[in-house]
Amino acid sequence: MNQAIAIMDSGVGGLTVVREVLRQLPQEQIVYFGDTARAPYGPRPPEEVVRFTREIAEYLTRYKPKMLVLACNTATAVALDDIRSRVEIPVVGVIKPGARAAVKASRTGRIGVIGTEGTVKSGAYEEALREISAQLEIVSLACPDLVPLVEAGEYESPLAWEIVRRSLAPLQDQKLDSLILGCTHYPFLAAPIAEAMGPSTQLINSAEETVREISAILSYQEDLAKREDGTPLHRFFCSGDSAIFRRITSSWLNQQVEASTIVWQVPTVG
Ligand code: I24
Ligand code: DGL
């Protein structure tokens, strides 16, 4: 089917999911929205994140997508059920795929989760993990310093190793055998995180697992997968400065993309 896959995120972090779709499902067309003017979502109250995610879902439905992906862990944590009840198409979040991969990878059942404040406070990862297996020991930790670190381009600097080590200190003696990177930005810090946790902890990247889930839904619902060849035309939108957004997107995806800024239509009263 020729309709696009709609992907939303609080900003540019969801491009990790986009890159994975381009790699695993190169024939699929993407329409992406990054809420760069209102990012980050991590520190925001859940009601606000739900409202923003609804607005974006509503905006993206005008492109008649065949599926909507919440690439943001914070949005998935607080808004997935709400969005599912409002749209007709399949809605995929990043939490269940990550949880499933972690349980599969774990031998001891001692699983860690790191994410934004919003994600960790919601308890969504615990819920998803316990639904898969009741036998798990789960340790969750909010790491609010890590997103600003990545967005400052500091993820390879000595400062990154120091901040990661300090942030993850509470997990160091927990004997976790897998750790879910429950935030779009954390794969950029995989090296310092792996070093801080030690060699017996496996890191789980939700973006990769999510695209396997997308792929499974598309091939299960046979009429959903795109079978034609040819280069699809992707569309990128953001709520903030489109020049900066276009620069980050083009460099991350290794291709020049067009991007436009969307101005929300404020409903007029009376
Ligand atoms: N990486 C991220 N966010 C940024 C950034 C970055 N600036 C440089 N790099 N800025 O996230 C966030 C705030 N912006 C967003 C756009 O609108 C204006 C405000 C990391 C995820 C990227 C997929 C470094 C950088 C880059 C290209 C690719 C990867 C990367 F420029 F880390
Ligand atoms: N995209 C968010 C997430 O995965 C991280 C950035 C933010 O806080 O907006 O939780």
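For ligands, and for the atoms within them, numbers begin at 1 and follow the listed sequence.
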Neighbouring protein residues of ligand 1 - any heavy atom closer than 4.0 Å: Val12, Thr36, Val150, Glu151, Tyr155, His185, Phe188, Ile244, Ile248, Ser251, Trp252
Val69, Thr53, Val17, Ile83 screened by side-chain contact (heavy atoms from CB on, under 4.5 Å) with Met8, the one that passes: Thr53
side-chain contact (heavy atoms from CB on, under 4.5 Å), paired with Ile114, selected from Val139, Ile180, Ile193: Ile193
Heavy-atom side-chain proximity of Glu162 to Arg166 below 4.5 angstrom: yes
Ring pair (Phe, Tyr, Trp, His ring centres under 6.0 Å) partner of Trp252, chosen from Tyr32, Phe236, Phe188: Phe188
Pairs meeting criterion side-chain hydrogen bond (donor to acceptor under 3.5 Å, both in side chains) with involvement of residues 79-99, two or more places apart: Arg54-Asp82, Asp82-Arg86
Inter- and intrachain pairs under side-chain hydrogen bond (donor to acceptor under 3.5 Å, both in side chains), touching residues 179-203, at least two apart: Glu151-His185
Euclidean distance, Glu28 CD relative to Gln3 CD, rounded to 0.5 Å: 10.5 Å
Derivation and outcome, side chain to side chain contact (heavy atoms under 4.5 Å, CB included), residues Lys66 and Asn2: CA-CA 9 Å; Lys66 58 185 172 186; Asn2 283 335; over 6 Å; no
Between ligand 2 and the protein, which N/O pairs are shorter than 3.5 Å?
| residue | atom | partner | partner atom | Å |
| --- | --- | --- | --- | --- |
| ligand 2 | 1 (N) | Asp9 | OD1 | 3.0 |
| ligand 2 | 1 (N) | Ser10 | OG | 3.2 |
| ligand 2 | 1 (N) | Thr184 | OG1 | 3.0 |
| ligand 2 | 4 (O) | Asn73 | N | 3.0 |
| ligand 2 | 4 (O) | Asn73 | ND2 | 3.1 |
| ligand 2 | 4 (O) | Thr184 | N | 3.0 |
| ligand 2 | 4 (O) | Thr184 | OG1 | 3.3 |
| ligand 2 | 8 (O) | Tyr41 | N | 3.3 |
| ligand 2 | 8 (O) | Gly42 | N | 2.8 |
| ligand 2 | 9 (O) | Ser10 | OG | 2.6 |
| ligand 2 | 9 (O) | Tyr41 | N | 2.7 |
| ligand 2 | 10 (O) | Thr74 | N | 3.1 |
| ligand 2 | 10 (O) | Thr74 | OG1 | 2.6 |

Considering all heavy atoms, the nearest Tyr125-Ala99 contact: CE2-N, 4.4 Å
